[in-house]
Amino acid sequence: MGVWLREKFGVPEETSWKSSLRSHVIARGPGGDRLGYDFRVHDGERTYLYEVTASVGSSGEIVLGDSEVERASHLSPEETYIIVYVSDVLSCARRRITPLPNPFGAPGPACYELLSTRMRLRFTLPG
């Protein structure tokens, strides 16, 4: 994924990669998984936040965690959130990188079928 972004924007992984996985590949610098995105690229007046999700097949389904939902749904006007789906991640011959729109922005909702409305709630028992 870092190579794809380097080719697209000309920025090295060392500066754009923000998730904790970076510490296993790039020895320098910590990463964080609570940011809600994996890569951050500033290109002039815009900041692009890339969340990468992969599958061993090509199901065309993704699951966004709490931090991704929070970040994707609360952007500043100069930010763009993009989900990058990597299908057939284990096969060099079939692997495909597909950028997807933010499900909370235009035209996001029209591009997806909502498969679950599961909620996780906390409450206090009386007494």
### Query
Looking only at atom types and distance, does a side-chain atom of Asn102 sit under 3.5 Å from a main-chain N or O of Ala72, one as donor and one as acceptor?
yes
### Listed partners of Thr98 passing side-chain hydrogen bond (donor to acceptor under 3.5 Å, both in side chains), at least two apart
none
### Message
Please determine whether residues Val63 and Val52 belong to a single hydrophobic cluster, defined as Ile, Leu, Val, Met, Phe, Trp and Tyr linked transitively by side-chain heavy-atom distances below 4.5 Å.
### Response
no
### Task
Quick one: list whatever passes side-chain hydrogen bond (donor to acceptor under 3.5 Å, both in side chains) with Ser67, sequence neighbours left out.
none
### Task
Answer yes or no: does atom CZ of Arg94 have more than 12 heavy-atom neighbours from other residues, nucleotides or ligands under 6.0 Å?
no
### All side-chain contact (heavy atoms from CB on, under 4.5 Å) counterparts of Glu45, not counting sequence neighbours
none
### Message
If you define the side chain from C-beta out and look only at heavy atoms, does anything of Asp38 sit under 4.5 Å from Leu49?
### Response
no
### Query
More than 12 heavy atoms of other residues, nucleotides or ligands under 6.0 Å from CZ of Arg96: is that the case?
no
Side-chain donor/acceptor pairs under 3.5 Å, residues 81-90, sequence neighbours excluded:
{"residue": "Tyr81", "atom": "OH", "partner": "Gly36", "partner atom": "O", "Å": "2.6"}
{"residue": "Tyr85", "atom": "OH", "partner": "Ser55", "partner atom": "OG", "Å": "2.7"}
{"residue": "Tyr85", "atom": "OH", "partner": "Ser59", "partner atom": "N", "Å": "3.2"}
{"residue": "Tyr85", "atom": "OH", "partner": "Gly60", "partner atom": "N", "Å": "3.1"}

### Task
Write out all pairs satisfying salt bridge (Lys or Arg N to Asp or Glu O under 4.0 Å) with one or both partners inside residues 56-73, taking only residues at least two apart or from two chains.
Arg71-Glu79
Can I get a per-line list of side-chain donor-acceptor pairs under 3.5 Å for residues 109-117, giving both atom names and the distance, sequence neighbours left out?
{"residue": "Tyr112", "atom": "OH", "partner": "Pro101", "partner atom": "O", "Å": "2.5"}
{"residue": "Ser116", "atom": "OG", "partner": "Arg118", "partner atom": "N", "Å": "3.1"}

### Query
How long is the gap from CG on Leu100 to OH on Tyr50, to the nearest 0.5 Å?
12.0 Å
